[in-house]
Amino acid sequence: MTWQQLTDEQQQEVQRQLLIIKRGAADIVPEEALKQKVMKAVVTGIPLKVKLGLDPSAPDIHIGHTVVLQKLRQFQDLGHEVQLIIGDFTGRIGDPTGKSETRKQLSEEDVQRNAQTYQTQLTKILDLSKTTFYYNSAWLGELKFDDVLKLAGKVTVARMLERDDFANRYAANQPIHVHEFFYPLMQGYDSVSLETDIELGGTDQTFNILMGRTLQGAYEMKEGQVAILMPLLEGLDGVQKMSKSLRNYIGIDEHPNDIFGKTMSIPDTLMLKYYELTTTLSYADLHELSQSLEEGTIHPRDAKMKLAKAYVSMYHGVQAADEAEQHFITVFQKKALPDAIEEKLLRVNLLEEGQISIIQLLVALDLQVSNGEARRSVEQGAVKINEQKIADIHAKITPIDGDIVQVGKRKFVRLKLS
């Protein structure tokens, strides 16, 4: 099919879709094939099959994950089909991408529990009526050993060692188990089984996604899938990839006040990137915002507040966004205590002679999850009781009803003895 064979109306629609699809993408391989696929879909009315594989070993979605998920939603809004692969079979191995050692295999129970958590969270971003969920055990679990041998015969060891993580481990004489080579093969075979047109992923998934295109060719599928690779989003530190383990993330299931407050700590230099990759702001509005920031007609703080409110609205609703904004203004801009502070019960049997250690207190009130976290909060000067900073990790507190215990800028509890 050539461009000249399309009507003017069809050409305009192809251009419209490509503009949306390419927004924010780090790379498209091969780009001309994407254009051909979109042209074919527009002319025939047959939607494209757009795939994303999910590793159920890490089901808590944060803003970094939504870079790819927002792109999937754009495809849905353009009328295309989304194939969401819950890697219940591949998850038993674990993606070796970026790993310096063999990953622990997950149990089937772990995989199923995590997969259910994923589906619950995805309702906040995707249109589930236009989403088909697949478990790749449906086809991978049915392969016989001779099928596995044929699959393994499609790719050489030299090709596998092109992966940086494998190459680095090999050079350092670190073990690489044979089953790890099967992860990209299995992910690629998913695309063969589902006849995927386009696969999405972060740039760290380049090898795995291109393997799908390679295997489709090896299985004589004439039109291999197109890889759309999205940039990795830096976290709140402005340097490292957003990650829960690095504590530089914004979780979409976090409390609205935490989402709002964390968003306000995004480095100014990354704000436009966050807008482009993780919101539905139009090209025109994004350009206007960029110009306003450059000309100084809008303060970065105000632009960030709009971003924070957008996130809370997207994941918790408009009312929660309004309340989180008011909370932030009250607590941080006016430097006052919020009007509504959650009351927490403290059991008197935890007290010794009417006192409790500051570390114990923070954990008992669920303000920190562990003694280590509580200790770090005190050491960092983040803990206050009745607006008085507690800087001694060995401090003993004599709690009374009504005490306001605060950790950081967003966590407040009104204490009640029980």
Original post:
Any chance CD of Glu9 has more than 12 other-residue heavy atoms, nucleotides or ligands included, within less than 6.0 Å?
Top reply: no
**OP:** Please name the pair of heavy atoms, one in Val405 and one in Leu415, separated by the smallest distance, quoted to 0.1 Å.
**Re:** CG2-CD1, 4.4 Å
Original post:
What is the distance from atom CD of Gln225 to atom CG of Leu194, rounded to the nearest 0.5 Å?
Top reply: 10.0 Å
Original post:
With Lys306, which residues qualify under side-chain contact (heavy atoms from CB on, under 4.5 Å), at least two apart?
Top reply: Tyr275, Ile298
Original post:
Residues two or more places apart in sequence or in another chain: which of them pass side-chain contact (heavy atoms from CB on, under 4.5 Å) with Leu345?
Top reply: Lys416, Ser418
Original post:
In terms of the angle between their ring planes, are Tyr189 and Tyr219 parallel, tilted or perpendicular, with boundaries placed at 30° and 60°?
Top reply: perpendicular
**OP:** Would you mind telling me which of Leu69, Thr117, Asp253 makes a side-chain contact (heavy atoms from CB on, under 4.5 Å) with Ile61?
**Re:** Leu69
**OP:** Flag the pair Lys304 and Asp268 as a salt bridge only when some basic side-chain nitrogen lies within less than 4.0 angstrom of an acidic carboxylate oxygen.
**Re:** yes
**OP:** Taking atom CD of Gln319 as the centre, report whether more than 12 heavy atoms of other residues, nucleotides or ligands fall under 6.0 Å from it.
**Re:** no
Original post:
Hey, is NZ on Lys130 packed in by over 12 heavy atoms from elsewhere, all under 6.0 Å?
Top reply: yes
Original post:
Would you say the side chains of Lys51 and Ser191 form a donor-acceptor pair under 3.5 Å?
Top reply: yes
Subject >> Glu234 and Lys273, any side-chain heavy atoms less than 4.5 Å apart >> reply: yes
Original post:
Stepwise, does the side chain to side chain contact (heavy atoms under 4.5 Å, CB included) test hold for Ile85 with Tyr135?
Top reply: CA-CA 6 Å; Ile85 314 297; Tyr135 287 80; over 6 Å; no
**OP:** List for me each residue that meets salt bridge (Lys or Arg N to Asp or Glu O under 4.0 Å) alongside Lys344, sequence neighbours excluded, and say none if there are none.
**Re:** Asp366
Subject >> All side-chain contact (heavy atoms from CB on, under 4.5 Å) counterparts of Lys411, not counting sequence neighbours >> reply: Leu367, Gln368, Val407
Original post:
Does the side chain to side chain contact (heavy atoms under 4.5 Å, CB included) test come out yes or no for Phe133 and Thr131, once each step is laid out?
Top reply: CA-CA 6 Å; Phe133 286 89; Thr131 305; 3.9 Å; yes
Original post:
Are a donor atom and an acceptor atom from the side chains of Ser193 and Asp190 found within less than 3.5 Å of each other?
Top reply: no
Original post:
If you draw a 6.0 Å radius around CD in Glu294, do more than 12 non-hydrogen atoms from other residues or ligands fall strictly inside?
Top reply: no
**OP:** Calculate, to the nearest 0.5 Å, the distance between atoms CG and CD1 belonging to Leu48 and Ile198 respectively.
**Re:** 5.0 Å
Original post:
Are there more than 12 heavy atoms of other residues, nucleotides or ligands under 6.0 Å from atom NZ of Lys409?
Top reply: no
**OP:** Return yes if a side-chain donor-acceptor contact under 3.5 Å exists between Gln70 and Gln74, otherwise no.
**Re:** no
Subject >> Donor-acceptor side-chain pairing of Gln291 and Glu295 below 3.5 angstrom >> reply: no
Original post:
Charged N to carboxylate O under 4.0 angstrom, Arg169 versus Asp165?
Top reply: no
Original post:
Any side-chain heavy atom of Tyr249 within less than 4.5 Å of one from Glu254?
Top reply: yes
**OP:** Kindly compute the distance separating CG (Leu233) from OH (Tyr274), expressed to the nearest 0.5 Å.
**Re:** 4.5 Å
**OP:** Using atom types as modelled and distance alone, determine if a side-chain donor or acceptor of Asp27 lies under 3.5 Å from a backbone N or O of Leu229.
**Re:** no
**OP:** Just say parallel, tilted or perpendicular for the rings of His65 and His62, cut-offs at 30° and 60°.
**Re:** parallel
**OP:** Evaluate side-chain hydrogen bond (donor to acceptor under 3.5 Å, both in side chains) for Thr132 paired with Glu81, printing each intermediate quantity in order.
**Re:** CA-CA 8 Å; Thr132 305; Glu81 296 179 2; 5.9 Å; no
Subject >> Greater than 12 external heavy atoms within 6.0 Å of Lys389's NZ >> reply: no
Original post:
Going by distance alone, is a donor N or O of one side chain under 3.5 Å from an acceptor N or O of the other, for Gln17 and His80?
Top reply: yes
Original post:
Does any pair with a residue in residues 294-320 pass ring pair (Phe, Tyr, Trp, His ring centres under 6.0 Å), and if so which ones, sequence neighbours excluded?
Top reply: none
Original post:
Are Arg376 and Glu379 ion-paired here, with the side-chain N under 4.0 Å from a carboxylate O?
Top reply: no
Original post:
How about Lys37 and Val42: do any of their side-chain heavy atoms sit closer than 4.5 Å?
Top reply: no
Original post:
Is it true that the side chains of Asn208 and Arg163 contain a donor and an acceptor less than 3.5 Å apart?
Top reply: yes
**OP:** Carefully, step by step, assess Gln10 and Val43 under the rule side chain to side chain contact (heavy atoms under 4.5 Å, CB included).
**Re:** CA-CA 7 Å; Gln10 289 171 338; Val43 171; 4.0 Å; yes
Original post:
How long is the gap from OG on Ser377 to CD1 on Ile390, to the nearest 0.5 Å?
Top reply: 13.0 Å
Original post:
Does Ile46 have any side-chain contact (heavy atoms from CB on, under 4.5 Å) partners at least two apart in sequence or in another chain, and if so, which?
Top reply: Thr44
**OP:** Please confirm whether Arg410 makes a cation-pi placement over Phe260, using NZ or CZ under 6.0 Å from the six-membered ring centre and within 45° of the ring normal.
**Re:** no
Original post:
Can you find a pair of side-chain heavy atoms, one from Lys241 and one from Asn248, that are under 4.5 Å apart?
Top reply: no
**OP:** Decide yes or no for Ile125 and Thr66: does some side-chain heavy atom of the first lie under 4.5 Å from some side-chain heavy atom of the second?
**Re:** yes
Subject >> Pair Glu199, Gln187: side-chain N/O donor-acceptor within cut-off below 3.5 Å >> reply: yes
